[in-house]
Structures are given as structure tokens and as C-alpha cells.
Peer 1: 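Encoded as C-alpha cells, here's the structure I'll be asking about.
Atom set for the values below is all heavy atoms of this structure, side chains included, hydrogens, waters and symmetry mates excluded. Position 1 is the first residue of the sequence, and the numbers go up from there.
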Amino acid sequence: MPTYDMEKSLISKGYNVICGVDEAGRGPLAGPVFAAAAVLNLDDDIEGLDDSKKLSEKKREQLFDIIRERAVCFAVASASVEEIERLNILGATMLAMTRAVDMLPRPADYAIIDGNKVPSNLDGRAVSLVKGDALSMSVAAASVLAKVSRDRYMKKQAEEYPEYNFAKSKGYGTKEHIELIKKYGPCPLHRPSFLKKILG
């Protein structure tokens with residue numbers, strides 16, 4: 001289970017406001033990539049909080065509201081399909097993460113970034129942490145915020161593009177989603193560079 005060990009270590013080094021940062025939606029064939037930054041109260045253990053991938057959709061939804069209520073502050077940002085195509089998915093992910101950190105109502109002194117790469121704009125004020133969402137409470141909170149925000153966005157898009165069943169696939173390359181792309185062709189929400197193998 002995630003802990004506050006990393007956050008407390010950074011505070012002992014003189015940093016005051018530590019945020020966790022994670023993304024959602026690097027792998028899908030459609031939709032933006034989302035990122036969130038979360039600053040938590042280190043005296044507040046949010047029960048059941050874990051890497052969003054280990055949680056059921058129902059549990060993520062419950063934790064989403066709890067995190068929003070109890071976090072010191074948080075922000076959610078995204079990078080568009082156009083930005084994914086222009087920058088590639090890694091570049092767009094780094095952009096979304098930087099936006100989330102920059103949007104925090106209370107500026108963070110230091111960020112813990114899930115994964116093995118720090119966005120260049122955060123050099124010197126961030127550290128990368130592989131499997132951070134399973135190790136750091138702040139990163140786990142960010143992972144839930146990003147995942148639920150993106151899932152809700154894709155469910156909303158399903159109303160505009162009902163033929164793709166985005167409410168179910170969330171844009172990921174499920175068998176059904178791939179079959180629907182082949183049947184109807186791509187829509188503006190699809191990432192052209194992700195469809196090359198499917199559409200030839």
C-alpha cells in the first residue's frame with residue numbers, strides 16, 4: 001500500500017508543499033491524455049487509497065470525491081489529440097503533467113512524478129518514482145483523479161459519438177472498439193498515429 005514516506009523525506013530536506021503527479025490515458029486509441037497533481041495532508045491517511053489500476057471503478061469514484069474533499073489542493077489537466085499527434089504521446093503526457101502542477105491553487109515546492117521521467121519544465125523541482133502510484137499516497141491520489149476525470153470525459157464523448165461505445169472502452173483498443181473503428185472509420189477523437197496498424 002502507498003505511504004507518505006517519500007513526502008516526509010522531501011519535507012525533511014526543507015520542502016514544504018509536495019505534490020504527487022500521475023497520468024491516465026497514454027495507451028488508448030482515442031481521446032486526450034489526462035494528468036493530475038495532488039497535495040495531501042500528511043496526517044490524513046485516506047483509507048483504501050491505492051494505485052487506480054488496482055481499484056474497481058466504483059471504488060475509484062468513491063475515492064475521487066474523498067480526495068477532492070480532503071486534499072490540501074489538486075488540479076487536473078489534459079493534452080489534446082492534436083497535441084498527442086504533434087508531440088507524440090510521451091511529449092503530450094509530460095505537457096499534461098506540467099499543466100497539472102502549474103494549475104495547483106497552492107504552488108508546489110516539489111513534485112513526485114509517477115514513472116521514470118520528469119517533465120523538462122519541472123527539472124530541479126521534481127523526482128520520478130517508478131510505480132509511484134503504488135508507493136506514494138500523493139501519487140496514488142493523483143492517479144485516481146486523473147483516471148476518473150478521463151473516464152468521465154470519455155463517457156461524455158460517447159453521447160456525441162455513440163457508434164464507438166466510448167462509455168465502455170474509454171477509448172482503449174478493446175476488440176469491440178477496434179471492430180467499430182473498422183466499421184465506421186475514425187472520428188475526430190481518434191489518434192491517427194495509434195490507428196496505423198489497425199487501418200493499414
Peer 1: Which ILVMFWY residues can you reach from Val21 by hopping between side chains whose heavy atoms are under 4.5 Å apart?
Peer 2: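 Leu90, Met94, Met97, Val101, Ile113, Val118, Leu122, which link up through side-chain heavy atoms under 4.5 Å apart, make up the rest of the cluster.
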
Peer 1: Check whether Leu145 and Leu42 end up in the same hydrophobic cluster, where Ile, Leu, Val, Met, Phe, Trp and Tyr are linked by side-chain heavy atoms less than 4.5 Å apart.
Peer 2: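 Per the 4.5 Å side-chain linkage, Leu145 and Leu42 are co-clustered.
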
Peer 1: Please collect all ring pair (Phe, Tyr, Trp, His ring centres under 6.0 Å) contacts where either partner lies in residues 48-101, sequence neighbours excluded, each pair once.
Peer 2: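 Applying ring pair (Phe, Tyr, Trp, His ring centres under 6.0 Å) to every pair that reaches into residues 48-101, excluding sequence neighbours, yields nothing.
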
Peer 1: Output the distance between atom OH (Tyr172) and atom CE (Met154), rounded to the nearest 0.5 Å.
Peer 2: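 Going from OH on Tyr172 over to CE on Met154, the span is 9.5 Å.
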
Peer 1: Are Tyr153 and Leu29 connected, step by step, through hydrophobic side chains (Ile, Leu, Val, Met, Phe, Trp, Tyr) whose heavy atoms are closer than 4.5 Å?
Peer 2: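 No; Leu29 is not reachable from Tyr153 via cluster members.
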
Peer 1: Please identify each residue that fulfils side chain to side chain contact (heavy atoms under 4.5 Å, CB included) with Glu179, with sequence neighbours left out.
Peer 2: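 Side chain to side chain contact (heavy atoms under 4.5 Å, CB included) check on Glu179 returns Lys175.
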
Peer 1: Decide yes or no for Cys19 and Leu104: does some side-chain heavy atom of the first lie under 4.5 Å from some side-chain heavy atom of the second?
Peer 2: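 Touching, per the 4.5 Å side-chain cut-off.
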
Peer 1: Which heavy-atom pair separates Arg26 from Phe194 by the least distance, and what is that distance?
Peer 2: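 Between these two residues, the closest heavy atoms are O-CE2, 3.5 Å.
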
Peer 1: Check whether any side-chain heavy atom of Lys168 lies under 4.5 Å from a side-chain heavy atom of His177, and answer yes or no.
Peer 2: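 The answer is no; the side chains never approach within 4.5 Å.
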
Peer 1: Taking distance alone, no hydrogens or angles, what donor-acceptor pairs closer than 3.5 Å link side-chain atoms of residues 31-39 to residues at least two apart or in another chain?
Peer 2:
none

Peer 1: To the nearest 0.5 angstrom, please state how far the CG atom of Leu49 sits from the CG atom of Leu55.
Peer 2: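 Going from CG on Leu49 over to CG on Leu55, the span is 7.5 Å.
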
Peer 1: Roughly how far, to the nearest 0.5 Å, is NZ of Lys59 from NZ of Lys54?
Peer 2: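 Here the rounded value is 14.5 Å.
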
Peer 1: For Asn121 and Thr98, indicate whether the former's side chain and the latter's backbone hold a donor-acceptor pair under 3.5 Å.
Peer 2: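 Looks like no, no N/O pair under 3.5 Å.
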
Peer 1: Does His190 reach the main-chain N or O of Ala30 with its side chain, forming a donor-acceptor pair under 3.5 Å?
Peer 2: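 Answer holds: no.
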
Peer 1: Which pair of heavy atoms, one from Ser78 and one from Arg99, lies closest together, and at what distance?
Peer 2: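 The answer is O-NH1, 2.9 Å.
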
Peer 1: Is there side-chain contact between Arg152 and Ser149, with heavy atoms separated by less than 4.5 Å?
Peer 2: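 Of all side-chain heavy-atom pairs linking Ser149 with Arg152, none is under 4.5 Å.
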
Peer 1: Which pair of non-hydrogen atoms, one from Ala158 and one from Ala167, has the smallest distance, and what is that distance?
Peer 2: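 For Ala158 versus Ala167, the nearest heavy atoms are CB-N, 3.6 Å.
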
Peer 1: Rounded to the nearest 0.5 Å, what separation is found between the CD atom of Glu83 and the CG atom of Asn88?
Peer 2: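 Result: 12.5 Å between the selected atoms.
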
Peer 1: Write out all pairs satisfying ring pair (Phe, Tyr, Trp, His ring centres under 6.0 Å) with one or both partners inside residues 114-134, taking only residues at least two apart or from two chains.
Peer 2: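 Of all non-adjacent pairs touching residues 114-134, none passes ring pair (Phe, Tyr, Trp, His ring centres under 6.0 Å).
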
Peer 1: Is the side chain of Ser9 donor-acceptor paired with the backbone N or O of Asp5 at a distance under 3.5 Å, no angle test?
Peer 2: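 No; judged by distance alone, with no hydrogens or angles, the pair does not exist.
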
Peer 1: Rounded at 0.5 Å granularity, tell me how far CD1 in Ile18 sits from CG in Leu10.
Peer 2: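 Nearest 0.5 Å value for the CD1-CG distance: 4.5 Å.
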
Peer 1: Would you say Leu63 ends up clustered with Tyr4 if hydrophobic residues are merged whenever their side chains have heavy atoms under 4.5 Å apart, either directly or through other cluster members?
Peer 2: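 Yes: a chain of side-chain contacts under 4.5 Å links Tyr4 to Leu63.
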
Peer 1: Taking side chain as C-beta onward, heavy atoms only, is Leu195 less than 4.5 Å from Ile181?
Peer 2: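 SC-SC contact between Leu195 and Ile181 confirmed.
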
Peer 1: Quick one: salt bridge (charged side-chain N to carboxylate O under 4.0 Å, His left out) partners of Asp102, sequence neighbours excluded?
Peer 2: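 Listed in chain order: Arg125.
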
Peer 1: Would you be so kind as to tabulate the donor-acceptor pairs closer than 3.5 Å made by side chains of residues 126-144, with sequence neighbours excluded?
Peer 2:
| residue | atom | partner | partner atom | Å |
| --- | --- | --- | --- | --- |
| Asp133 | OD2 | Lys53 | NZ | 3.0 |
| Ser136 | OG | Glu7 | OE2 | 2.7 |
| Ser136 | OG | Ser138 | N | 3.3 |
| Ser136 | OG | Val139 | N | 3.2 |
| Ser138 | OG | Glu7 | OE2 | 2.7 |
| Ser143 | OG | Ser52 | N | 3.2 |
| Ser143 | OG | Ala140 | O | 2.8 |

Peer 1: Distance-only check: which donor-acceptor pairs under 3.5 Å involve side-chain atoms of residues 182-189, not counting sequence neighbours?
Peer 2:
none

Peer 1: Taking the side chain as every heavy atom from C-beta outward, state whether Glu57 and Gln62 have any pair of such atoms under 4.5 Å apart.
Peer 2: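 Answer no - side chains too far apart.
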
Peer 1: Between CZ of Arg60 and CG of Asp50, what distance do you get to the nearest 0.5 Å?
Peer 2: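 Result: 11.5 Å between the selected atoms.
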
Peer 1: Could you list all the side-chain hydrogen bond (donor to acceptor under 3.5 Å, both in side chains) pairs where at least one residue sits in residues 191-200, not counting sequence neighbours?
Peer 2: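 Output for this query lists Glu85-Ser193.
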
Peer 1: So if you build clusters from Ile, Leu, Val, Met, Phe, Trp, Tyr with side-chain heavy-atom gaps below 4.5 Å, do Val76 and Met103 land together?
Peer 2: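 Val76 and Met103: separate clusters.
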
Peer 1: Could you report the tightest heavy-atom contact between Leu95 and Ala79, atom names first, then the distance?
Peer 2: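 Of all heavy-atom pairs spanning Leu95 and Ala79, the closest is CD2-CB, 4.5 Å.
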
Peer 1: Within a strict 4.5 Å, meaning less than it, do heavy atoms of the Ile46 and Arg70 side chains meet?
Peer 2: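 Side-chain contact under 4.5 Å: yes.
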
Peer 1: Look at Lys155 together with Asp151 and state whether they make a salt bridge at an N to O cut-off of under 4.0 Å.
Peer 2: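 Asp151 and Lys155: not salt-bridged.
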
Peer 1: For Asp65, I'd like to know if atom CG has over 12 heavy atoms of other residues, nucleotides or ligands within 6.0 Å.
Peer 2: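 Yes, the 6.0 Å shell around CG holds more than 12 heavy atoms from other groups.
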
Peer 1: Is there side-chain contact between Pro28 and Arg150, with heavy atoms separated by less than 4.5 Å?
Peer 2: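 Pro28 reaches Arg150 side chain to side chain.
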
Peer 1: Using salt bridge (charged side-chain N to carboxylate O under 4.0 Å, His left out) as the criterion, list what pairs up with Lys8, not counting sequence neighbours.
Peer 2: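 If we apply the salt bridge (charged side-chain N to carboxylate O under 4.0 Å, His left out) test to Lys8, skipping adjacent residues, there are no hits.
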
Peer 1: If hydrophobic clusters are built by linking Ile, Leu, Val, Met, Phe, Trp and Tyr wherever their side-chain heavy atoms come under 4.5 Å apart, do Ile11 and Val17 end up in the same one?
Peer 2: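 They do not share one cluster, since no chain of ILVMFWY contacts under 4.5 Å joins Ile11 to Val17.
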
Peer 1: Testing the basics here: between Thr174 and Ser169, what is the closest heavy-atom pair and its distance to 0.1 Å?
Peer 2: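 Nearest pair, atom of Thr174 first, then Ser169: OG1-CB, 3.8 Å.
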
Peer 1: State, to 0.1 Å, how close Ala71 and Leu40 come at their nearest heavy-atom pair, and which atoms those are.
Peer 2: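 Taking every non-hydrogen atom into account, CB-CD2, 3.9 Å.
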
Peer 1: Which pairs pass ring pair (Phe, Tyr, Trp, His ring centres under 6.0 Å) with one or both residues in residues 117-145, sequence neighbours excluded?
Peer 2: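 Qualifying pairs: none.
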
Peer 1: Could you tell me which residues satisfy ring pair (Phe, Tyr, Trp, His ring centres under 6.0 Å) with Tyr110, sequence neighbours excluded, listed by chain and number?
Peer 2: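 So Tyr110 forms a ring pair (Phe, Tyr, Trp, His ring centres under 6.0 Å) with Tyr15.
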
